[in-house]
Number of protein chains: 2
Amino acid sequence: MRKYDVYAENCPTRLLLDHIADKWTALVLWKISREPVRFNQLRRDVEGISTKVLSQTLKRLGRDGLILREVFPTVPVTVEYSITPLGRTLSEKLSTITEWAEANIDAVLAAQDRFDRDCACADNAVTANGAKRGLIQPAGMR
Amino acid sequence: MRKYDVYAENCPTRLLLDHIADKWTALVLWKISREPVRFNQLRRDVEGISTKVLSQTLKRLGRDGLILREVFPTVPVTVEYSITPLGRTLSEKLSTITEWAEANIDAVLAAQDRFDRDCACADNAVTANGAKRGLIQPAGMR
DNA sequence: CGGCATCCTTATAGATACTG
DNA sequence: CAGTATCTATAAGGATGCCG
């Protein structure tokens, strides 16, 4: 029996996947999972994230029960973010993705070069069974 | 020695992570990894994706060397997408994420309910060490 | 069938300023 | 320190129509 299916359009797991498959989630969650960390520290560690986006991300992660936010009544106030047991199970899986990215970036970069070069003379590339390969136009992709 | 670091703003792995941590990547890549599949079949399988976005996603995956696009000269033309060895190593890791989502959605949904309820009377929530918890405003998040 | 081009409507991100 | 508020720029997404 499968109750949920990420391939179904209106399945709640889709919304969850949107949260997980966010540009910053893996980065932020992993940092927090290593040790409790404060807002501005996080902002420095995750280079390029704005306070606004970090704030949104933390709010979402907190609501999803993946991280805990604790406010210590110091002056000025101290806020610490830490991972929950649920969050830890996810962050470990997510870290394998960032590790994969670091380990395979060279192969991907090489593939991109090959792809961009092949575009110019793509029409000559025909496989043994008569199928053409790699005929996708470059087009503008960041 | 670590050549690459996803936490560095201008590291190429960041761009790769953006591709991977895309709303549709895990869904599309996993379908293709199971068996070679055609464009419109993919569009039906991945509910809710538009032709435009599917097209972009496939192009990106092809350029990154994760999938292969083959054109068979039938009438009308047949196009088949299949996984590459490199892509397979990633799709296996990504599938653990979607599996996690399906397995833990109940816990997350419960956390969301708790969070949204606690917001109303959050000021009373003080932990033993004097720290307050869960004081994040709900705000509008889809 | 397998897309790309186009238009148009929302989001989302970024920068900046300001508050408890 | 830890954010919120606001404004703007840019892009992402959806709908539609067309073509090889």
Side-chain angles (χ1 to χ4, degrees), chain A residues 9 14-15 18-19 21-25 27-28 32 36-62 67 69-82 119 122-123 131-142, chain B residues 9 14-15 18-19 21-25 27-28 32 36-62 67 69-82 119 122-123 131-142:
Chain A
E9 187 163 9
R14 267 290 181 81
L15 289 165
D18 285 357
H19 292 183
D22 175 81
K23 189 178 176 180
W24 302 106
T25 298
L27 259 19
V28 169
I32 295 175
V37 62
R38 292 159 65 180
F39 188 89
N40 280 306
Q41 184 59 48
L42 215 36
R43 196 164 79 79
R44 280 186 295 271
D45 286 350
V46 183
E47 291 182 17
I49 197 168
S50 66
T51 68
K52 182 184 164 186
V53 172
L54 176 56
S55 174
Q56 288 173 347
T57 304
L58 290 170
K59 214 174 280 183
R60 213 181 324 127
L61 292 174
I67 64 173
R69 178 183 186 267
E70 286 182 287
V71 181
F72 298 93
T74 54
V75 256
V77 70
T78 300
V79 179
E80 203 170 82
Y81 294 91
S82 56
C119 278
D123 306 89
K132 293 182 183 179
R133 298 196 295 182
L135 292 183
I136 315 174
Q137 306 313 320
M141 51 188 60
R142 40 115 75 196
Chain B
E9 189 165 7
R14 266 292 180 81
L15 289 166
D18 284 357
H19 292 183
D22 175 81
K23 189 178 177 180
W24 302 106
T25 297
L27 259 18
V28 169
I32 294 176
V37 62
R38 293 159 62 180
F39 188 89
N40 280 307
Q41 183 60 47
L42 216 36
R43 197 164 80 80
R44 280 186 295 272
D45 287 349
V46 182
E47 292 182 17
I49 198 169
S50 66
T51 68
K52 182 182 168 186
V53 172
L54 177 56
S55 174
Q56 287 173 346
T57 304
L58 290 171
K59 210 173 283 181
R60 213 181 324 124
L61 293 174
I67 64 173
R69 178 183 187 267
E70 285 182 287
V71 182
F72 298 93
T74 53
V75 254
V77 69
T78 300
V79 179
E80 203 171 80
Y81 295 92
S82 56
C119 277
D123 306 273
K132 293 183 182 178
R133 298 196 296 182
L135 291 182
I136 316 173
Q137 306 313 320
M141 55 188 60
R142 38 115 80 193

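Being a predicted model, the structure only gives us computed values, none of them experimental.
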- [ ] Output, in order, the C-alpha distance, side-chain angles, deciding distance and verdict of side chain to side chain donor-acceptor pair (under 3.5 Å) for B:Ser55 and B:Thr51.
- [x] CA-CA 6 Å; B:Ser55 174; B:Thr51 68; over 6 Å; no

Task: Considering all heavy atoms, the nearest B:Arg43-B:Ile49 contact - done: CG-O, 3.9 Å

Task: Rounded interatomic separation in angstrom, taking CD from B:Glu80 and C1' from C:dC1 - done: 14 Å

- [ ] Grab the CG-P distance between B:Leu58 and C:dG3 for me, whole Å please.
- [x] 7 Å

TODO: Tell me yes or no: between the side chains of B:Arg44 and B:Gln41, is some donor less than 3.5 Å from an acceptor?
DONE: yes

Open item on the list: Tell me the interatomic distance from A:Arg60, atom CZ, to C:dA11, atom P, rounded to whole angstroms.
Closed with: 15 Å

TODO: May I have the distance from A:His19 (atom NE2) to C:dT12 (atom C1'), rounded to whole angstrom?
DONE: 14 Å

TODO: Hey, could you give me the CZ/CD1 distance between B:Arg38 and B:Ile32, rounded to the nearest 0.5 Å?
DONE: 14.0 Å

Task: Spacing between A:Lys59 atom NZ and C:dT12 atom C1', to the nearest angstrom - done: 15 Å

Task: CG on A:Leu54 to CH2 on A:Trp24, rounded to 0.5 Å - done: 9.5 Å

Task: Spacing of B:Asp18 atom CG and A:Lys23 atom NZ [to the nearest 0.5 Å] - done: 4.5 Å

TODO: Any chance you could measure B:Leu42, atom CG, to B:Glu80, atom CD, to the nearest 0.5 Å?
DONE: 11.5 Å

Open item on the list: Whole angstroms only, please: what is the CZ-P distance between B:Phe72 and C:dG2?
Closed with: 12 Å

- [ ] Return the value, rounded to whole Å, for the distance between atom CD of A:Gln56 and atom C1' of D:dA2.
- [x] 15 Å

Open item on the list: At under 4.0 Å between heavy atoms, how does the protein contact nucleotides 14-20 of chain C? Give one character per nucleotide, 5' to 3', with B, S or -.
Closed with: BB-----

- [ ] Kindly state which residues belonging to residues 36-46 of chain B come within less than 4.0 angstrom of DNA chain C, counting heavy atoms of the residue only, listed by number.
- [x] B:Arg38, B:Phe39, B:Asn40

Task: Rounded distance (Å) that lies between atom P of C:dT12 and atom CG of B:Asp22 - done: 13 Å

Open item on the list: D:dA2, OP1 or OP2 - any side-chain N/O from A:Arg69 closer than 4.0 Å?
Closed with: no

Open item on the list: Side chain of A:Thr78, heavy atoms from C-beta onward: which of C:dG2, D:dA2, D:dT4 has the nearest atom to it?
Closed with: D:dA2

Task: Bend angle of the helix from C:dC1-D:dG20 to C:dG20-D:dC1, end axes from five pairs each (to 10°) - done: 60°

Task: D:dG3 OP1/OP2 closer than 4.0 Å to side-chain N/O of A:Tyr81 - done: yes

